[in-house]
Amino acid sequence: MSELGSRHSSGNNLDPWYGSYAARTAGLAASEVRALFAVASRPEVVSLAGGMPFVSALPEDLVTDAMNRVMREQGPTALQYGSGQGVEKLREQTLEVMALEGIQGSASDVVITTGSQHALELFSKLFIDPGDVVIAEGPSYVTAMVIFKSYQAEVDHVPMDENGLIPEALREHIASIKAAGKTIKFLYTIPTFHNPAGVTLSEARRTEILEIARDNDILVLEDNPYGLLYFDQKPPAALRSLESDGVVYLGTFSKTLAPGFRVGWALAPHAIREKLILANEAAILCPSSFSQLVISQYLDQADWKGQINTFRGVYQERKETMLSALGEYLPDLTWTNPTGGFYVWLTLPEQLDSKAMLPRAVKELVAYTPGTAFYADGDGRQNIRLSFCYPTPESIRVGIRRLATVINGELDLLDTFAGTGRLTGGKSRGTFAAPPPNMS
Ligand SMILES: Cc1ncc(COP(=O)(O)O)c(C=O)c1O
């Protein structure tokens, strides 16, 4: 045994420090499908897996002009450290963005973060003790759950239907968590154009969910990256517009401008805002001055609302293409019909397992994210998240056609070997016990 190995006897040949990691890193295991996604990024594969915005729809000169101007007029500030809370002018501009979703607030309660992902991290660091419960929709945003688990929280999934989180189910879950003597720290929710489910919490339910949270002293963490990317109709106003003391709101420029800047923000009640600033300083000293000033300049000089309209048009066309291809190639399955955002949630026949099927899909040159990625407890095998944000409409059609080939192939196999798949004797696949169009 090497000296290193003997010093760290709980290590192994691959990682001599294996036994030294903090317990909270247990939740940081690489996803089982990660290796496959490396293959899926080959150009011949149609990837319906990632949530990458279509940044090519952004006129390059808009961003270049903003960058040049920042360097010409504010170069030394852009290249310097800045405030841990973020650039004041940009904080004020986020108020204009949030006003579009009915939110009124003060720039002094905004904290700029390195993407909303980092706000999720800071918020979790402030609130989660090991063993605490975080309530989230089932399914929920995969990388939020990675953070919650890395702070050793237990994630409790509350079911949704086509109108979002089900209030009655939330009440029941809260009661049973409390009865088990556990501490609920917050409700994490993506009420608008949910990732991954593609559904939106109805207006009536927004009030009800907030009432339930208030009655039970549960803080609400509203994550809203997609709210401005609606198709025909504006979604209901943000939860934060209805309640300011009990809601921490997260916004981002990643989907309405570009994720490469890594700029997001939190709007929080004063006391929480103070702690968020301290946590931000401790983690990164300050958010990128350069990125913040470029975005601020862009918001000043460009028609950013017009640009968001352009994105809306791009994504609406892609969503419609995806839904019409699903109708054509997989008419017996069910899926959600998002009214904005990036994602469709597909429900497979119950005999199929989305995770087990993925390698065969990649072999057929189509990639998706299996539903299991979006549950902390291994649920979701019967679901697939399909992203329509990045591939062109033509590729989306090709991708769905390939997916149909894979699904039908799986069903044929099951039928041949177990007699449980495709029903023969004149019956169509419509005779599956098709699940209702919900996520529960
Ligand atoms: C629901 C949700 N929250 C947060 C994020 C992170 O976004 P950002 O780029 O602002 O860190 C994403 C990105 O896809 C998301 O879908």
Side-chain angles (χ1 to χ4, degrees), residues 31 37 47-55 58 86 90 94 97-98 101 110-125 134-148 150 155 157 160 164-165 186-201 220-230 235 238-240 247-267 276 280 283-284 287-288 291-292 295 308 311 315 336 338 340-345 369 371 373-376 385-390 439:
S31 127
F37 284 154
S47 179
L48 306 172
M52 292 186 304
F54 186 63
V55 288
L58 203 60
L90 182 63
T94 64
V97 178
M98 288 188 282
E101 303 207 51
V110 174
V111 183
I112 304 288
T113 56
T114 305
S116 51
Q117 190 65 33
H118 194 226
L120 286 168
E121 165 77 30
L122 298 176
F123 185 88
S124 301
K125 190 177 194 173
V134 172
I135 300 183
E137 285 121 355
S140 186
Y141 170 50
V142 54
T143 330
M145 291 190 297
V146 171
I147 296 177
F148 303 151
S150 78
V155 178
H157 289 292
M160 291 187 280
L165 193 63
F186 55 90
L187 163 66
Y188 170 68
T189 177
I190 310 154
T192 308
F193 315 138
H194 190 274
N195 178 6
V199 296
T200 293
L201 188 65
V220 175
L221 180 58
E222 176 179 26
D223 189 5
N224 186 30
Y226 305 100
L228 292 177
L229 298 173
Y230 54 88
L239 295 176
R240 173 57 179 72
V247 177
V248 172
Y249 176 89
L250 305 186
T252 179
F253 290 105
S254 287
K255 315 292 178 174
T256 49
L257 178 56
F261 288 112
R262 308 306 302 127
V263 175
W265 69 92
L267 173 67
L276 280 172
N280 213 15
I284 56 162
S288 159
S291 285
Q292 290 181 85
I295 292 183
I308 294 175
F311 277 128
Y315 297 132
T336 54
F342 285 4
Y343 310 106
V344 167
W345 186 246
T369 313
F374 306 100
Y375 285 89
R385 185 192 75 176
L386 297 170
S387 309
F388 51 80
C389 44
Y390 194 73
M439 265 64 55

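Both counts, for ligands and for their atoms, begin at 1 and track the order of listing. Everything quoted here is computed from the prediction, not taken from an experiment. Throughout, residue positions are numbered sequentially from 1 according to the sequence presented.
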With a cut-off of 4.0 Å, which atoms of ligand 1 are near a heavy atom of [X]?
{"X": "Thr252", "value": "8 (P), 10 (O)"}
{"X": "Asn195", "value": "15 (C), 16 (O)"}
{"X": "Ser116", "value": "4 (C), 5 (C), 6 (C), 7 (O), 8 (P), 10 (O), 11 (O)"}
{"X": "Tyr226", "value": "14 (O), 15 (C), 16 (O)"}
{"X": "Ile190", "value": "1 (C)"}
{"X": "Lys255", "value": "13 (C), 14 (O)"}
{"X": "Ser254", "value": "8 (P), 9 (O), 10 (O)"}
{"X": "Gly115", "value": "10 (O), 11 (O)"}

For ligand 1, find out whether one of its N or O atoms is nearer than 3.5 Å to an N or O atom of Tyr343.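 Min N/O separation from ligand 1 is not below 3.5 Å for Tyr343.
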Answer yes or no: does an N/O atom from Thr114 fall short of 3.5 Å to an N/O atom of ligand 1?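 No - when backbone and side-chain N and O of Thr114 are compared with those of ligand 1, no distance drops under 3.5 Å.
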What part of Pro259, side chain, backbone, both or neither, has a heavy atom within less than 4.0 angstrom of ligand 1?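 Looking at Pro259 and ligand 1, no heavy atom falls under 4.0 Å.
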So, Tyr141 and Asp223: side-chain donor and acceptor under 3.5 Å apart, yes or no?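 Result is no, nothing qualifies.
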Donor + acceptor pair across side chains of Asn195, Arg385 (<3.5 Å):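 Judged by distance alone, the side chains do pair up.
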For the residue pair Trp265 and Phe253, does the interplanar ring angle fall in the parallel (under 30°), tilted (30 to 60°) or perpendicular (over 60°) class?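 Judged by the thresholds at 30° and 60°, the geometry between Trp265 and Phe253 is tilted.
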Can you label the angle between the Phe148 ring and the Tyr188 ring as parallel, tilted or perpendicular, going by 30° and 60°?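 Rings of Phe148 and Tyr188: perpendicular, as their planes differ by over 60°.
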Should Glu137 and His157 be marked as a side-chain hydrogen bond (donor to acceptor under 3.5 Å, both in side chains) after you check the CA-CA gap, both sets of side-chain angles, and the distance that decides it? CA-CA 5 Å; Glu137 285 121 355; His157 289 292; over 6 Å; no
State if [X] counts as touching ligand 1 under the rule of any non-hydrogen atom under 4.0 Å.
{"X": "Pro225", "result": "yes"}
{"X": "His118", "result": "no"}
{"X": "His194", "result": "no"}

Backbone of Ala197 reached by a side-chain donor or acceptor of Thr336 within 3.5 Å: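 The answer is yes, because a donor-acceptor pair under 3.5 Å joins these two groups.
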Which residue holds the protein heavy atom closest to atom 1 (C) of ligand 1, what is that atom called, and what is the gap in Å?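 Answer, as residue, atom name and distance: Asp223 OD2, 3.4 Å.
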Tell me the protein heavy atom at minimum distance from atom 5 (C) of ligand 1, and give that distance in Å.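 So the nearest neighbour among protein heavy atoms is Tyr141 OH, 3.4 Å.
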Run Thr143 and Gln117 through side-chain hydrogen bond (donor to acceptor under 3.5 Å, both in side chains) and show every step you take. CA-CA 8 Å; Thr143 330; Gln117 190 65 33; 4.8 Å; no
Quick check on the 6.0 Å ring-centre criterion: do Phe186 and Phe123 meet it?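 So the answer is yes for these two rings.
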May I ask you to check whether Tyr343 and Tyr226 place their ring centers less than 6.0 Å from one another?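 For Tyr343 and Tyr226, the ring centres are under 6.0 Å apart.
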For Phe311, I'd like to know if atom CZ has over 12 heavy atoms of other residues, nucleotides or ligands within 6.0 Å.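 Atom CZ in Phe311 is packed in, count exceeds 12.
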